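Encoded as structure tokens, the structure appears first; notes follow it.
In what follows, every chain begins at residue 1, and chains take the letters A, B, ... in the order their sequences are listed. Source: prediction; values computed, not measured.
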Amino acid sequence: MARAKPVVLETISFDNQSQAHAFFKEMLNRYVPGEIVSNEDSIHLAELFKRHPSYPTKIGSGINYFEVMPEKFGTQCFCAVLQDGTKEGFSYPKCVTQRDD
Amino acid sequence: MEIFEECAVINDLLQANDGTEARNRLIRLLDQHAREGIPYSPLVNHLIRESGLFPYLDPETSSWQDRFIFESFKVDIGQETPVTLHREQSLVLKHLLDGDNLAISAPTSFGKSLIIDAYIAVKKPNNVLILVPTIALTDETRRRLSKKFSAEYKIVTTTEVELGEKNILIFPQERGIQYCDKIEKLDLLVVDEFYKASQNFDKERSPALLKAMMKLGQKATQKYYLAPNISDLNDNPFTKDMLFLRLDFNTVFLEKHELYKEINKDAQKKNDALLQILGKQETKSLIYAGTYSNVDSVATLLIENTEREHSELLSAFSAWLAANYHPNWKLTALVKRGVGFHTGQLHRSLSQIQVRLFEEEKGGLQTLVSTSSIIEGVNTSAENVIVWSNKNGKLKLNDFTYRNIIGRGGRMFRHFVGNIYILEEPPSPADTQLELTFPDELLADVDEEQYKKELTKEQLAKLLQYKEDMAQILGRESFDRLRGEGVLISGDTELISEIALAINSDKKVWRGLATLNASTNEYWAWILRKVIKLVPAGWDATYTKFAEFVRVMSSNWAFSIPELLDQLSEYDVTIEEFFKMERNATYKLTALLSDVNVIQMEIVPEHKIDISPFIARLSKAFLPSCVMELEEYGLPRMLAKKIHASGLVNFEDEELDLHSAIELLRAIQSEILEQVEGLDSFDRYVLDYFFDGIALQKPRAVDAPVQ
């Protein structure tokens, strides 16, 4: 049996990826596109974002705040709004698995 | 034709009480007189009198008895000199002046509208409201009445205008409804083309017309409804207690050329016939093509087979179209050949300009190719009407519409005889009984106690169900309050229930409406798609394309139409689609969003979202202050932009309302013409038309105080 991979963030830890996935899915679905992610949620989201495989290139001038943006087919994703105003959408499942595929 | 012999025949027909045939032969005889420059003899004048066609009498050559009739039937219609009415017009006016409520059916050339002018001039009522089916007719009616009555009356054609002491209000039904609560009493309610209240003639907009007739009718002391070619009217709550008059009194004769028999559905023969008819005409022709694709086919045929006209005006128009709309648009090539097209899809300023060019005696358009928009939207006519198709959209042309189309042939005092060329087999003659019934789409608006008798059992059941459902979702108090305030635009119980259910079942999603008030438009499309899906059909585009269009349209003031089309290139938006979507956005989406907004504020007040500011901007196609309304007056947005850029008028001042803008523009007319940069010759032509339409009424000798 494959061993569960824990997801350990600075602010919160999960025993396995499924738990982390569920936590951030629930967070994402509390918002609709255009809404700014609350400070409370942003603390965990900022930590999760660091796990994204393209994190170094995505953060550019630094993160100002997070919001939710629309994705294809009526779905939505998190988005980092950078200091220079540009927006970087990112997939929370990719941050959980750290796989760029 | 020997004139005396023909007079004898006409006289015999009159003696035999065959007034219609006598009149038809007389009109043809008058046409012969006009073509050959023959003055009317006293005998001809006498026959004119006997036929009731009094306006055609020539007082110079008639006997004193006939001259007396000519003078006796003269009436003030608000212009410099009074005009003589024909016998049947006079009858209608008499009924109106007696205070009767009238629904009349009379042919196109009858002169039904003139009677309104006479009524206003004679009876001087305080408030008259005229419902017309289109914005184009609103403007046409406004122009006519402004010239006659603007010194005494405030002429109102748009919403949210403060009323004056005496008002003439001219609206399409949707706007008329908005004035129901603002007007205490109407002296006269006029409904032009009231057959459109029947679902058989206008499925989409008839409920709104019935609603306007119902609500405004309750405030009207007197009613005057007009339609062509109706044989009978059913018993119905909307025309209850009205006198129905069917007046088959024509003032022009229609000469029919039944070419379809020879053409026998052969496409090539039909093309040849059209080119031949147009080739030999020096007079104006209207081509009824029936569908958008047929308009396109006829346009292609004419571009490929006709020569360019030597007209500076038309060359300037073509260049203007290329610069302001699209360089590769078919219309730019077509107008160089003296041909325009008129469809319900066009920007209204473009339709207006083309009708104006069509009415120019020299240098303008000789031919207009149209769908049924030409019979519904404007009052133009031509010496020749060519019925190219026997279709009306997807359906076969019915006899009622066919008769309205050919009724565009000929016009009193311009051409006695209209030539009708029929290239496809026309519908069989049929009597049209107008059925006005309560549509389901009005149910949300009616009090079932008041209209119990008129509603069917199914409708009563549906209404009760609706009230129960809505009370459950909104709470009875909220629902009753909304109904009482009349804040919901749609009267469609199914749609209103659908919106309430959708919001109630997933409240979170509707927080997305807040993005519509945001300073950026990047997330609009997401929530707009959710809103549009509530009404699945009739957007003329996919949800994504339409939502993207709305987003791009928000830059309407900053960018030209070619630039906006460029921004939409990913979605392959044609100029025709642009027109359609702009119309859908400013009317249909505005109405839907307004109902969504009202209902979401009731169901989820904790969201604290009110998108009224967005709705107001959308309804104006995101153009500032009164720019959109000025388009209805004949000032297209590209000219408003140029005037704004010159600094002469600040259209971005949101305090600038329509009537103060018109006053300002009228006052600085010469500065505009001298100082605005980049005005080309066609801009000046359009400006001339606009200023003509806002000119103040000249003082009349008849109004001068008696010393």
Check chain B against chain A and list any donor-acceptor pairs under 3.5 Å.
residue, atom, partner, partner atom, Å
Lys508(B), NZ, Asn29(A), O, 2.4
Arg511(B), NE, Glu35(A), OE1, 3.3
Arg511(B), NE, Glu35(A), OE2, 2.6
Arg511(B), NH2, Arg30(A), O, 2.5
Arg511(B), NH2, Glu35(A), OE1, 2.7
Glu522(B), OE2, Lys87(A), NZ, 2.3
Tyr523(B), OH, Glu67(A), OE2, 2.5

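- No more than 12 heavy atoms of other residues, nucleotides or ligands shown are found within 6.0 angstrom of CD on Gln472(B).
- Nearest approach of Val509(B) to Val32(A), heavy atoms of both residues: CA-CG1, 3.8 Å.
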